[in-house]
Structures are given as structure tokens and as C-alpha cells.
Amino acid sequence: MEGHRSKITKLVMHPKYNMVASASEDASIRLWDYETGEPEQTLKSHAGMVTFLAFNSNGNILASSATDLAIKLWNLETFTVAKTL
């Protein structure tokens, strides 16, 4: 997948849609259409390498954690951080 500036650290499949989320050492998360390989959205809020991703069972929330020691819950309807833990 082209798009991240550094190595990909994690990939997860969306539970319902043709989407995959990728995390990277560049502190970003990208959402991709896995059938076309095209990027759909970039999520940026972490200050360090993103090391973990997980969708909730409905697929409307994406959890991420990074080396900045933050856990973020992303609202995938608005593509914004709903909560930082």
C-alpha cells in the first residue's frame, strides 16, 4: 500500500465493509478500500508510532494506541477523535 511515509505496523479488516485500516510508524492511520486499493481517509492525532488498531463489532468506532501512550477512539462517521484515554 502506498501512502504511508514509514513502515506499516498494523492492519485490521472492517467487520462489515470492504475496508482495511493501516497503522504506521509515521503516526497516521489510513482507511483503504481493499478491493480497489485506493485510500479513503487519513486519520491523524497521535504524536508517535501507531502500534494497535481494532474496530468495534459495529464498525463505527476504531480504537488506536501509539507510542505517545494515548488510546484514541475514532468516530468513523465523522472521522474525528471521539475520546482520548
Side-chain angles (χ1 to χ4, degrees):
M1 291 180 185
E2 292 184 26
H4 285 291
R5 294 182 186 165
S6 297
K7 293 179 185 177
I8 293 173
T9 58
K10 183 78 173 175
L11 288 173
V12 292
M13 301 293 293
H14 192 278
K16 295 184 178 182
Y17 302 115
N18 298 333
M19 179 189 297
V20 63
S22 60
S24 175
E25 290 179 352
D26 66 9
S28 72
I29 299 163
R30 292 194 183 239
L31 304 177
W32 307 82
D33 179 319
Y34 70 75
E35 289 184 348
T36 66
E38 294 296 316
E40 295 186 350
Q41 192 73 35
T42 300
L43 308 176
K44 294 182 180 180
S45 182
H46 282 290
M49 177 176 63
V50 182
T51 57
F52 179 81
L53 294 174
F55 288 103
N56 70 341
S57 61
N58 293 329
N60 60 342
I61 299 290
L62 177 67
S64 63
S65 65
T67 56
D68 60 4
L69 305 180
I71 298 169
K72 297 189 182 277
L73 302 178
W74 299 85
N75 178 328
L76 294 183
E77 293 176 10
T78 61
F79 302 106
T80 59
V81 176
K83 190 169 198 172
T84 300
L85 307 171

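Only this structure's heavy atoms are used, side chains among them; waters, hydrogens and symmetry mates stay out.
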Closest heavy-atom contact between [X] and [Y]?
X: Ala27; Y: Ala47; result: CB-C, 4.5 Å
X: Thr51; Y: Lys10; result: O-CB, 4.3 Å
X: Ser22; Y: Leu11; result: CB-CD2, 3.4 Å
X: Thr9; Y: Ser24; result: OG1-N, 3.7 Å
X: Leu73; Y: Ala63; result: CD2-CB, 3.7 Å
X: Val50; Y: His46; result: CG2-CD2, 3.8 Å

Discussion item. Using only atom types and a distance under 3.5 Å, with no angle test, would you say the side chain of Ser28 pairs donor to acceptor with the backbone of Lys44?
Written reply: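 No, because the side chain of Ser28 does not come within donor-acceptor range (under 3.5 Å) of the backbone of Lys44.
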Fill in: Any donor-acceptor N/O pair, His14 side chain to Lys16 backbone, under 3.5 Å
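Flag set: sc His14 to bb Lys16 pair under 3.5 Å.
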Can you hop from [X] to [Y] via hydrophobic side chains spaced under 4.5 Å?
X: Leu76; Y: Trp32; result: no
X: Leu53; Y: Val20; result: no
X: Val81; Y: Phe55; result: yes
X: Met13; Y: Met19; result: no
X: Trp74; Y: Val12; result: yes

Mind checking the [atom1]-[atom2] spacing from [X] to [Y]? Nearest 0.5 Å is all I need.
X: Thr42; Y: Ile29; atom1: OG1; atom2: CD1; result: 10.0 Å
X: Lys72; Y: Leu43; atom1: NZ; atom2: CG; result: 11.5 Å
X: Thr84; Y: Ile71; atom1: OG1; atom2: CD1; result: 10.0 Å
X: Gln41; Y: Arg30; atom1: CD; atom2: CZ; result: 10.5 Å
X: Asp33; Y: Glu40; atom1: CG; atom2: CD; result: 5.0 Å
X: Leu31; Y: Glu38; atom1: CG; atom2: CD; result: 14.0 Å

Practice prompt. Answer yes or no: does atom OH of Tyr17 have more than 12 heavy-atom neighbours from other residues, nucleotides or ligands under 6.0 Å?
Written response: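 Counting other residues, nucleotides and ligands, OH of Tyr17 stays at 12 neighbours or fewer.
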